[in-house]
Every structure is written in C-alpha cells, then in structure tokens.
Trainee: 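A single structure is presented below for examination.
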Amino acid sequence: MNEDENMPVMTILSCKILQDEIIHLLENDPQIDNVVVVKNNEEKEFAAKMDNVGLDYDLKVLNDIPPVSERDDSKYTVMIYLVELALHEFPKILREEIYKLLEKVTPYSDGILLFYGLCGNVLDKVEEDFRDQESTCPVRILRDDKRIVDDCVGATLGGCDEYLKTLKEFSDQGTFLFTPMYAHSWREIMRVDPENPEKTLKMLKKVNDITGYKRVAKVHTNLGYTAGFDEKVEEFASIFDFEILEIEGNQDVFTNCYSSMKKEMGLTDT
C-alpha cells in the first residue's frame with residue numbers, strides 16, 4: 001500500500017471477556033498507528049489495562065469518529081468496541097444485538113473481526129448473513145483451522161479439537177473452565193445478586209449438585225493483564241467446595257484470525 005493511500009480501519013467487536021487477548025494483539029503489532037476505543041460504558045476496565053501497559057489510544061463515542069468514506073488518513077487504525085457480558089445468558093438477544101452492532105460499526109470500518117464464537121450456535125451464520133458487504137467491509141469471526149470456535153474458552157484452548165479433547169478428559173465430573181477474565185467476572189456472568197449474594201449462591205450450589213459439577217480448571221492464558229487469577233479461582237472453589245485443576249491455553253486462534261483479517265484488508269505482517 002502506498003503512503004498516499006488511505007490505510008484501513010479494522011474494528012474488533014468483542015465480548016468483554018476477551019479484552020486481555022485484544023491488548024496482547026495491540027502490544028505485539030508494531031504496524032498499528034492508531035487505536036480507538038469506543039466509549040459505550042463497557043470500556044473502563046479495558047482502558048485502565050491499556051493505561052497500565054502504556055498503550056496509547058483515543059477514547060471516543062462512535063458518532064465522533066469519522067466514517068471511512070470521509071477519512072483521509074495514511075495510518076492503520078484498530079477500533080475496539082466492547083460488548084456487555086450479560087447478553088450471554090440470552091443467546092437470541094445476543095445474536096440480535098451483535099447484528100445491530102455490526103450494522104452500526106460498518107460505516108466506520110474496512111473490516112470487522114468478531115471476538116466471539118458460536119455462543120450457543122446463534123452466530124454460526126454471521127459471515128454468510130453479512131456477505132453482501134464482502135467487498136467493502138468483510139465480517140469475520142474467530143475460527144481455528146477448520147471451523148468457528150465454540151466460545152471464548154474454546155478459542156483460548158486453541159480451537160474446537162482441543163476443546164473437545166479437554167471436555168472429554170473432564171467428562172467424569174462437571175468442570176468449570178476459567179480464564180483470568182472469566183474468573184474475574186464469574187459473579188457477573190452467573191448473575192450473582194450483589195444485594196443478596198447468599199440467595200444466588202445457595203441456588204447455584206443446588207444446581208451444581210444436580211448437574212454434577214465438582215471442579216474448576218484454571219485455563220492459563222500466560223497473559224498478565226488481569227490481576228488476582230489465583231485468588232478468584234480459589235474463592236470460587238471455596239464457595240462451592242470444588243477441586244482446582246490447571247490447564248494450558250494459548251493465543252493461536254486470536255493471532256491467526258487477526259493476521260488473516262489484516263491480510264484480507266491488504267496489510268502484510270512484518
């Protein structure tokens with residue numbers, strides 16, 4: 001790409017649970033000139049982590065960002081749009097909201113990378129459903145070498161085959177798989193009522209007993225952006241009287257999908 005040509009804008013539309021994986025990509029791509037974090041009441045924790053590692057970024061509401069049709073910029077920009085965690089409990093609503101957000105950010109993007117998996121099979125056709133904008137703003141979702149990953153944990157484990165292998169290894173007893181951000185957010189994800197936590201925890205204990213969940217496994221991402229991983233898992237295990245296991249994850253799905261999206265937008269990794 002010539003210096004006189006406009007450089008592309010990649011939008012990463014992501015569940016908040018994968019914010020550490022995004023920061024890892026931003027820290028390790030020297031080609032990025034600008035990072036824009038969309039201000040939408042979901043970005044505060046992410047912005048604080050960016051500050052902690054010394055990454056520069058602009059914090060803007062979407063309406064203050066120029067659409068790609070009005071840009072005159074020779075800098076490669078990555079725009080981050082984080083989505084609330086609560087949507088995961090309602091897969092159909094999650095799909096509706098993600099589709100609305102894709103339409104919303106398309107005018108500001110040359111390509112959109114969804115940091116989501118199938119999430120209950122509601123996002124399995126997202127690339128196909130946005131095929132009509134393929135030439136101007138392709139939409140891509142997290143995949144391994146063969147197919148869309150199941151969810152954020154499946155992506156962190158390296159893809160569908162490794163996820164299935166892990167689940168089979170733990171099939172004798174129900175096992176929660178916690179990444180650092182999942183451990184950090186488990187009360188929010190499981191909708192523990194902050195006003196009356198004991199009531200919610202009592203109900204969750206009953207559900208765990210009925211379903212046979214007895215363990216929690218720490219999925220090590222080897223990213224240090226979220227503090228207190230050990231403490232949060234230990235807290236969870238103590239509350240539910242769970243055994244703690246340890247397994248290794250990796251960043252392969254995220255780095256490969258990001259690199260693939262860059263190439264699709266005409267950028268070559270250095």
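Quick note: numbers below take in every heavy atom, side chains included, and nothing from hydrogens, waters or symmetry partners. These figures come from a predicted structure and were not determined experimentally.
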Trainee: Between Arg215 and Tyr213, is NZ or CZ placed under 6.0 angstrom from the six-membered ring centre and within 45° of the ring axis?
Mentor: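 The answer is no, since Arg215 fails at least one limit relative to Tyr213.
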Trainee: With side chains defined as the heavy atoms from C-beta onward, is the minimum distance between Lys218 and Ile244 less than 4.5 Å?
Mentor: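 Counting from C-beta outward, Lys218 and Ile244 do come under 4.5 Å.
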Trainee: Could you tell me which non-hydrogen atom of Leu55 sits nearest to which non-hydrogen atom of Ile23, and how far apart they are?
Mentor: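 Residues Leu55 and Ile23, closest heavy atoms: CD1-CG2, 4.1 Å.
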Trainee: Tell me, with the steps shown, if Met10 and Met79 meet side-chain contact (heavy atoms from CB on, under 4.5 Å).
Mentor: CA-CA 6 Å; Met10 183 197 298; Met79 184 170 77; over 6 Å; no
Trainee: Between Glu97 and Lys100, is a salt bridge (charged side-chain N to carboxylate O under 4.0 Å, His left out) present by the stated rule, with each step listed?
Mentor: CA-CA 5 Å; Glu97 289 302 313; Lys100 287 177 185 176; 3.7 Å; yes
Trainee: Working to the nearest 0.5 angstrom, can you tell me the gap between Thr166 OG1 and Asp161 CG?
Mentor: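 That separation rounds to 10.5 Å.
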Trainee: Are any of the side-chain nitrogens in Asp124 or Arg95 under 4.0 Å away from the carboxylate oxygens of its partner?
Mentor: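 The answer is no: the pair does not qualify as a salt bridge.
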Trainee: Would you check, one step at a time, whether the test salt bridge (charged side-chain N to carboxylate O under 4.0 Å, His left out) holds for Glu127 with Arg143?
Mentor: CA-CA 12 Å; Glu127 294 181 355; Arg143 293 176 173 272; 3.0 Å; yes
Trainee: Would Ile189 end up clustered with Phe115 when hydrophobic side chains under 4.5 Å apart are linked, directly or stepwise?
Mentor: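 Same hydrophobic cluster.
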Trainee: Checking salt bridge (charged side-chain N to carboxylate O under 4.0 Å, His left out) for the pair Glu134/Arg140: CA distance, chi angles, key distance, verdict?
Mentor: CA-CA 10 Å; Glu134 189 85 5; Arg140 299 290 177 256; 2.4 Å; yes
Trainee: Same cluster for Leu59 and Tyr225 if Ile/Leu/Val/Met/Phe/Trp/Tyr side chains link at under 4.5 Å?
Mentor: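 Hydrophobic grouping puts Leu59 with Tyr225.
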Trainee: Are the side chains of Val9 and Tyr108 in touch, meaning some heavy atoms are under 4.5 Å apart?
Mentor: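 No, every pair of side-chain atoms sits at 4.5 Å or beyond.
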Trainee: Just jot down the salt bridge (Lys or Arg N to Asp or Glu O under 4.0 Å) partners of Asp241, sequence neighbours excluded, or say none.
Mentor: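 By the salt bridge (Lys or Arg N to Asp or Glu O under 4.0 Å) rule, Asp241 matches no residue at all.
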Trainee: Would you kindly say whether Asp129 and Tyr99 are connected by a side-chain donor-acceptor distance under 3.5 Å?
Mentor: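 On atom types as modelled, these side chains qualify, holding a pair under 3.5 Å.
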Trainee: Please test Arg187 against Glu235 for salt bridge (charged side-chain N to carboxylate O under 4.0 Å, His left out), starting from the C-alpha separation and ending with a verdict.
Mentor: CA-CA 11 Å; Arg187 287 177 179 267; Glu235 175 200 33; 3.1 Å; yes
Trainee: What is the minimum heavy-atom distance between Leu85 and Cys15, and which atoms define it?
Mentor: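 That closest heavy-atom pairing would be CD2-SG, 3.5 Å.
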Trainee: Between Lys49 and Asp20, is the closest basic N to carboxylate O distance under 4.0 Å?
Mentor: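 Yes.
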Trainee: Counting only heavy atoms from other residues, nucleotides and ligands, does the tally under 6.0 Å from CG of Asp56 exceed 12?
Mentor: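 No, because the 6.0 Å sphere around CG of Asp56 holds 12 heavy atoms or fewer from other groups.
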Trainee: If you take the centroid of each ring, where Trp contributes its six-membered ring, are Phe176 and Phe236 closer together than 6.0 Å?
Mentor: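 Yes - the distance between ring centres of Phe236 and Phe176 falls below the 6.0 Å cut-off.
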Trainee: Do Lys75 and Asp73 meet the salt-bridge criterion of a basic N to acidic O distance under 4.0 Å?
Mentor: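 Answer for the salt bridge query: no.
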Trainee: Just wondering, do Leu94 and Tyr116 contact through their side chains at under 4.5 Å, heavy atoms?
Mentor: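 With C-beta onward as the side chain, the pair touches.
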Trainee: Starting from the C-alpha separation in whole Å, work towards a yes-or-no answer on side-chain contact (heavy atoms from CB on, under 4.5 Å) for Thr77 and Asp33.
Mentor: CA-CA 6 Å; Thr77 298; Asp33 298 302; 5.8 Å; no
Trainee: So Thr106 and Thr136, side-chain contact (heavy atoms from CB on, under 4.5 Å) or not? Walk me through it.
Mentor: CA-CA 9 Å; Thr106 289; Thr136 55; 5.8 Å; no
Trainee: I need the minimum non-hydrogen distance between Cys152 and Leu18, along with the two atoms involved.
Mentor: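 Of all heavy-atom pairs spanning Cys152 and Leu18, the closest is CB-CD2, 3.8 Å.
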Trainee: Main chain of Ala47, side chain of Glu43: is a donor-acceptor contact present, judged purely on distance under 3.5 Å?
Mentor: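 No.
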Trainee: Consider only side-chain heavy atoms of I, L, V, M, F, W and Y, link residues closer than 4.5 Å, and tell whether Leu25 and Tyr57 are in one cluster.
Mentor: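 Same cluster.
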Trainee: Would you call Asp29 and Lys262 a salt bridge, taking side-chain N to carboxylate O under 4.0 Å as the test?
Mentor: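 Salt bridge flag = yes for Lys262 with Asp29.
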Trainee: Between Phe240 and Val219, is there shared hydrophobic-cluster membership here, with clusters defined by ILVMFWY side-chain heavy atoms closer than 4.5 Å?
Mentor: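 In one cluster with Phe240: Val219, no.
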Trainee: Is it true that atom CG of Asp145 has more than 12 heavy atoms of other residues, nucleotides or ligands lying nearer than 6.0 Å?
Mentor: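 Check fails, neighbour count at 12 or below.
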Trainee: Indicate the atoms forming the closest heavy-atom contact of Ser109 with Thr11, along with that distance.
Mentor: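 Scanning both residues completely, I find the closest heavy atoms to be OG-OG1, 2.6 Å.
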Trainee: Determine the minimum heavy-atom distance between Asn40 and Leu82, stating which atoms define it.
Mentor: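 It is ND2-O, 2.9 Å.
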Trainee: Which pair of heavy atoms, one from Val233 and one from Ala183, lies closest together, and at what distance?
Mentor: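 Reported closest heavy-atom pair: CG2-CB, 3.9 Å.
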Trainee: Under a single-linkage definition using a 4.5 Å side-chain heavy-atom cutoff for Ile, Leu, Val, Met, Phe, Trp and Tyr, are Leu177 and Leu223 assigned to the same hydrophobic cluster?
Mentor: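 No, Leu177 does not connect to Leu223 through the hydrophobic network.
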